[in-house]
Amino acid sequence: MTAHSDHPCIPQELETGVAIIDEEHRRLREFIGRLRSICADFACKQDCTGCSAERIGACDAAFLDCMTELLGFMLDHFRHEEQLMKDLGISARQHERYQLHAEDHANIAGRLAGLTRPQPRAATVREIADTASHITRWLDNHIADHDLPMLH
Ligand SMILES: [Fe+2]
């Protein structure tokens with residue numbers, strides 16, 4: 001399946017084997033697909049030239065809505081994951097690794113929180129594209145580097 005699918009899959013090598021966590025990772029990918037669906041010409045546009053101010057405003061509003069929902073979902077997911085690691089004794093057994101993991105959660109949440117506030121944008125379409133790419137890279141790296149070694 002592609003990232004644009006309504007029901008994206010998690011690649012098998014990134015499955016933790018914990019059903020609720022894998023489902024939440026899949027939902028995070030759905031949000032990325034939703035970001036990418038905001039602009040129909042997303043892949044080939046370098047800026048918003050050719051779109052009306054009204055259209056750009058609508059894209060900007062859709063971006064802010066999606067980011068706000070994504071951040072809320074992501075924070076809930078981080079809480080679930082960290083609590084699970086505490087309940088399973090992982091946070092105590094692998095204390096340093098658990099701390100780094102929680103820091104990685106806090107860092108991405110802080111960065112995304114800055115994108116949930118209205119602000120002037122040079123090119124809304126690039127902001128959306130860059131954000132979608134950044135979250136995709138972050139999610140795959142985070143799962144591989146942090147979640148999998150502790151949960152798998
Ligand atoms: Fe995590």
Side-chain angles (χ1 to χ4, degrees), residues 1-40 42-46 58-152:
M1 285 198 186
T2 70
H4 294 265
S5 165
D6 286 343
H7 298 286
C9 293
I10 294 292
Q12 203 175 4
E13 68 272 17
L14 292 180
E15 282 183 4
T16 65
V18 180
I20 185 167
I21 298 300
D22 288 336
E23 171 60 16
E24 289 179 351
H25 287 160
R26 193 189 66 72
R27 291 282 311 279
L28 286 169
R29 283 179 172 244
E30 268 181 11
F31 275 107
I32 296 167
R34 187 173 140 196
L35 277 178
R36 290 194 164 122
S37 72
I38 292 172
C39 177
F42 183 82
C44 55
K45 268 183 172 292
Q46 289 309 307
C59 287
D60 208 42
F63 177 59
L64 290 176
D65 279 353
C66 189
M67 290 307 299
T68 301
E69 279 184 50
L70 190 162
L71 182 62
F73 183 84
M74 188 178 251
L75 290 173
D76 283 343
H77 164 63
F78 291 164
R79 270 195 291 275
H80 296 156
E81 208 176 67
E82 290 173 20
Q83 188 60 50
L84 178 73
M85 289 179 181
K86 287 177 185 161
D87 293 345
L88 294 174
I90 294 169
S91 61
R93 282 197 304 277
Q94 304 186 48
H95 184 67
E96 203 168 319
R97 181 170 245 173
Y98 174 82
Q99 292 290 106
L100 290 171
H101 171 243
E103 271 174 36
D104 203 41
H105 284 172
N107 287 341
I108 189 72
R111 175 156 181 177
L112 297 192
L115 297 174
T116 62
R117 289 185 281 277
Q119 52 204 280
R121 302 185 199 286
T124 296
V125 68
R126 290 323 312 162
E127 182 81 46
I128 298 170
D130 293 347
T131 301
S133 297
H134 180 74
I135 301 173
T136 301
R137 271 196 313 277
W138 178 85
L139 184 60
D140 286 357
N141 289 337
H142 176 85
I143 294 172
D145 296 344
H146 294 276
D147 298 340
L148 276 179
M150 286 192 284
L151 288 173
H152 201 51

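Remember, it's 1-based here, ligands and their atoms both numbered in the order they're listed.
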Mind checking whether H146 and H101 have parallel, tilted or perpendicular rings, split at 30° and 60°? tilted

Got L64 and P118 here, is their nearest side-chain heavy-atom distance under 4.5 Å? yes

More than 12 heavy atoms of other groups within 6.0 Å of E13 CD: yes

Heteroatoms of the protein, restricted to N/O/S, which lie under 2.8 Å from the Fe ion (ligand 1): E81 OE1, H101 NE2, H105 NE2, H142 NE2, D147 OD1

Are R27 and E30 close enough for a salt bridge, meaning some N to O gap below 4.0 Å? yes

Could you tell me whether the side chain of I32 reaches within less than 4.5 Å of the side chain of L28, counting heavy atoms only? no

Specify the closest pair of heavy atoms between A144 and P149, including all atoms of both residues, with the distance to one decimal. O-CD, 3.4 Å

